[in-house]
Peer 1: 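Shown below is the structure under consideration.
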Amino acid sequence: MNIPKNLLYTSEHEWIRVDGDQVYLGITDFAQHHLGDIVFVELPELDTEVVSGDSIAVVESVKAVSSVYSPVSGTVVENNEELEDSPELLNEDPYTNHIAVINIDNPDQLEDLMSPAAYEAFCAEQE
Amino acid sequence: MSKLIFEKNHKGSNSFTIPPADIPEVDIAATIPPSFLREAAPHLPDISEVEAVRHFVDLSHKAYGVDNGFYPLGSCTMKYSPKINEWAARLPGFSNIHPYQPAQTVQGAMELLYNMQNLLAEITGMDAVTLQPAAGAHGEMTGVMVIKAYHQHRNDHHRTKMMVPDSAHGTNPATANVVGFDVIEVKSNSRGLVDLEDLKSKMSPEIAGLMLTNPNTLGLFEEEIQDIAAVIHEAGGLLYYDGANLNAIMGISRPGDMGFDVVHLNLHKTFSTPHGGGGPGSGPVGVKSHLADYLPVPLVVKENDKYVFDYNRPQSIGKVKNFYGNFGVIVKAYTYILALGAEGIKDAAQQAVLNANYLRQQLKKDYHIPFDRLCKHEFVATAKTQMDENGVTTLDIAKRLTDYGFHPPTVYFPLIVKEALMIEPTETETKERLDDFLQAMSAIAEEARNHPEIVTAAPNNAVITRVDEVTAARNPIVKWEDNF
C-alpha cells in the first residue's frame with residue numbers, strides 16, 4: 001500500500017497536500033484499490049463554497065459509487081477536468097491526479113487530519 | 001448474441017395492410033399545431049408477424065426466473081410464486097373493478113383489504129397497517145416518514161439522526177437520507193450482531209430511531225433485540241423493522257413482541273408474489289398504536305357491516321401512492337396467507353431455516369463460512385479459500401454457477417464480509433435441488449483448485465460470456481444506432 005510521507009489523510013481515504021492557503025485533494029491508493037476500476041468522476045463546480053464534511057465529488061467504479069468528502073471548509077478554486085475523460089487516472093496514479101483544489105478558510109482544520117503513520121495504522125485496522 | 005428487432009428489419013416483410021378508410025380523410029397537419037407533429041415517421045422495424053413472435057419467444061427463453069430453476073439470491077427471498085395466486089388475482093370481481101368505483105359497489109375487494117390489514121398486523125404484532133406502499137424501499141420511506149411525523153408532532157425537533165447497522169441493507173441509509181435524516185452507523189460485533197456498547201455510546205437526544213433487520217443480513221438472529229429496544233426507547237427513539245428477512249420468523253416470533261414500533265413488509269418476498277422484472281411489488285407498513293394516526297390515508301375500516309375508506313385522519317402523513325396500493329399483488333399475497341394458514345406460515349419459515357442450515361453445513365467442506373453457527377433463512381459463505389489459494393474470486397464463482405444452470409447468490413454483500421456469497425435457498429426447494437446446487441458448488445471448488453482458468457474465464461457456456469464491465473461502464477452504448 002502506497003502512503004506518501006508528504007501528505008495528510010482522512011478516515012474517508014482522501015489525501016490532502018497543503019500548498020500555502022490551498023489544499024490539493026484526491027483519493028488514496030487504498031481507496032482506488034478497494035473501489036476497483038473507476039469509470040466515472042463527478043467533479044465539484046468551481047467557486048463552490050464547501051463546509052468540512054461536505055461531499056464535493058462522486059467517484060464511480062464498477063463495484064460502487066462513493067462520495068469524496070472535503071475535510072476542510074473553503075472554496076473550490078480548481079477541479080481536475082482531465083478526470084472527466086480519463087477516470088482511470090485515479091487508478092493509475094491516485095497521488096498525482098488530484099480531484100480538486102480548495103482555498104481553505106481555517107488552517108486549524110488541518111490539525112484534525114491523519115499523519116501518514118496514523119493513516120497506515122488506520123488502513124491496517126480496516127483490512 | 002441475439003439480434004435486436006431493429007436489425008431484423010426487411011422492407012416489405014410486414015404483410016398487414018390497412019383497409020381503405022370509409023370516412024373522409026383529414027389532413028393531420030391542418031388540425032394539429034406543427035410543434036406537436038414529428039418531423040419524420042417513427043423507425044419501426046418492418047417484420048412479419050411470425051418473425052416478431054419468434055423474436056420475443058426467443059428472448060423469453062433467455063430469461064431466468066424461479067420457474068426455470070434455483071435462485072438463491074440472499075435477502076431477496078426468491079421463493080416460488082404459487083400459481084393459485086394468479087388465479088385469485090384474475091377473478092373478475094378483482095380484475096374488472098376500477099379504483100374510482102364507489103366503495104359500496106366493491107365491498108368484496110374492500111373486505112379483502114380490511115382482512116389483509118388485520119392479517120399482517122397479526123403476523124407482525126402491530127396495531128395498524130397500510131397497504132399503500134408500492135414496494136420495499138417505498139414502505140421503508142413511508143415508515144421513516146411516520147417516525148419523523150411522530151417526533152415532529154411532539155415538538156421534538158432535535159431528532160435529526162437515524163442509526164443504521166453496518167450490515168444493513170443499502171436501502172436503510174438511503175431511506176433515512178431521503179427522508180432528511182443524517183445516518184449514524186452502528187458497528188457489528190465479532191459475532192456478526194449489533195454491538196450493544198457501540199449502540200449505547202452513540203445514543204443521544206438527536207437520535208430519531210434505529211433501522212434494524214432481524215434476522216440480519218448475515219442470517220443471524222439479533223439475540224439482544226430486547227436490550228437494543230430498551231436502549232432506543234429509553235432515549236426517546238423508535239425502532240424500525242426492515243421486513244426483508246421476515247421469512248425466517250413468520251408465524252414463530254413477531255417484531256411487535258420484540259419491541260419494534262414500525263415494520264415494513266415485502267409481499268413480493270415473504271408472501272410469494274412475483275419478484276423482479278417489474279413485479280410489481282408491495283410494501284405494507286405496520287405500526288404500534290402510538291403511531292397509527294400518522295399512517296397514510298385512507299385506511300379501510302368497518303362501519304356497521306360495511307367497509308369504507310377512512311380519510312378522516314388529520315395527523316396522517318398523507319397519501320404515498322395513488323389509490324390503494326398495488327391491489328392485484330395484495331390479492332395474491334392474501335391468497336398465499338389463506339392457502340397456508342397459521343400452521344403453514346410457520347412451517348414455511350421452519351423449512352426455509354432448515355434448507356439454509358443444510359446448505360451451510362454441506363458447503364463448509366469447500367467454502368469458508370465466517371459466522372458458522374445456526375443461521376436463520378440465509379447465511380454468508382465466502383471465496384476466501386479459493387482467493388487465497390487459487391486467485392479465484394466470488395465474482396468468478398458466481399459467473400461459473402451460471403454455466404451449471406443456476407442463478408448465482410447475492411455477491412459482495414453484506415459489505416462487512418469480504419468476498420461474500422449470501423445464500424438464501426427459501427423453503428420451496430427440495431432436498432434434491434439443494435443437492436444439485438451443492439454438487440455444482442463442489443465442482444467449482446474442485447475446478448478452482450485444479451483448473452482455476454476455467455472459473456476465472458466463466459461463464460463459458462452462457463449466451464453472453466464474461467462481460468467487460470469496465471469498458472461497458474466507461475463507454476456505454478445504450479442506444480441502437482439507426483441505420484434505416
Side-chain angles (χ1 to χ4, degrees), chain A residues 1 10-14 27-43 50-71 73 80-94 97 99 121-127, chain B residues 160-161 164 166-171 173-174 176-178 180-185 187-190 195 198 202 206 370 382-384 387-388 391 393-399 408 410-422 456 466-478:
Chain A
M1 196 65 58
T10 73
S11 57
E12 301 286 347
H13 302 285
E14 288 109 6
I27 62 169
T28 64
D29 190 32
F30 182 98
Q32 73 79 20
H33 176 74
H34 282 266
L35 281 166
D37 290 301
I38 292 167
V39 296
F40 180 72
V41 181
E42 188 182 312
L43 297 168
V50 298
V51 176
S52 75
D54 280 0
S55 164
I56 58 161
V58 177
V59 175
E60 185 176 339
S61 76
V62 287
K63 277 196 212 164
V65 179
S66 294
S67 289
V68 177
Y69 300 94
S70 173
S73 302
N80 185 0
E81 286 179 2
E82 218 181 339
L83 297 175
E84 288 186 335
D85 290 328
S86 307
E88 65 277 10
L89 291 172
L90 291 183
N91 291 118
E92 290 163 8
D93 194 347
N97 295 290
I99 291 174
F122 177 74
C123 290
E125 190 188 315
Q126 299 237 313
E127 281 291 348
Chain B
T160 56
K161 294 174 179 166
V164 176
D166 57 10
S167 64
H169 294 119
T171 47
N177 188 48
V178 163
F181 290 106
D182 292 328
V183 175
I184 306 289
E185 193 174 89
K187 282 188 187 150
S188 300
N189 62 24
S190 60
D195 185 329
D198 189 55
K202 287 170 179 167
E206 292 188 337
T382 87
K384 185 178 188 304
M387 195 161 91
D388 291 351
T393 65
T394 283
L395 183 73
D396 300 326
I397 291 166
K399 299 278 187 196
T410 298
V411 294
Y412 296 101
F413 188 84
L415 303 175
I416 56 172
V417 177
K418 279 190 182 173
E419 297 293 319
L421 284 150
M422 187 194 204
T456 53
R466 185 70 69 103
V467 173
D468 179 351
E469 292 179 14
V470 177
T471 304
R474 282 183 184 156
N475 303 304
I477 300 168
V478 292

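Predicted, not measured: the structure shown is a model, and the values here were computed from it.
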Peer 1: Within the supplied structure, the quantity of interest is the number of heavy atoms (other residues, nucleotides, ligands) at a distance under 6.0 Å from A:Glu82 CD; does it exceed 12?
Peer 2: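 Open.
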
Peer 1: Heavy-atom cut-off 4.5 Å, strictly under: side chain, backbone, both or neither for A:Glu88 against chain B?
Peer 2: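 For A:Glu88, the contact with chain B is made by backbone and side chain together.
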
Peer 1: Look only at the side chain of B:Arg474 and the backbone of A:Ile38, and say whether a donor-acceptor pair between them is shorter than 3.5 Å.
Peer 2: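 Yes, because the side chain of B:Arg474 sits within donor-acceptor range (under 3.5 Å) of the backbone of A:Ile38.
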
Peer 1: Inspect the surroundings of CD in A:Glu125 and state if more than 12 heavy atoms from other residues, nucleotides or ligands are less than 6.0 Å away.
Peer 2: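 Not more than 12 within 6.0 Å, no.
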
Peer 1: Select one option (side chain, backbone, both, neither) describing which atoms of A:Asp85 are under 4.5 Å from chain B's heavy atoms.
Peer 2: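 Neither; nothing under 4.5 Å.
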
Peer 1: Say you draw a straight line from NE2 of A:His34 to NZ of B:Lys418; how long is it, rounded to the nearest 0.5 Å?
Peer 2: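 So the NE2 of A:His34 and the NZ of B:Lys418 are separated by 5.5 Å.
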
Peer 1: Would the number of heavy atoms belonging to other residues, nucleotides or ligands and lying under 6.0 Å from NZ of B:Lys202 be above 12?
Peer 2: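 More than 12 within 6.0 Å, yes.
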
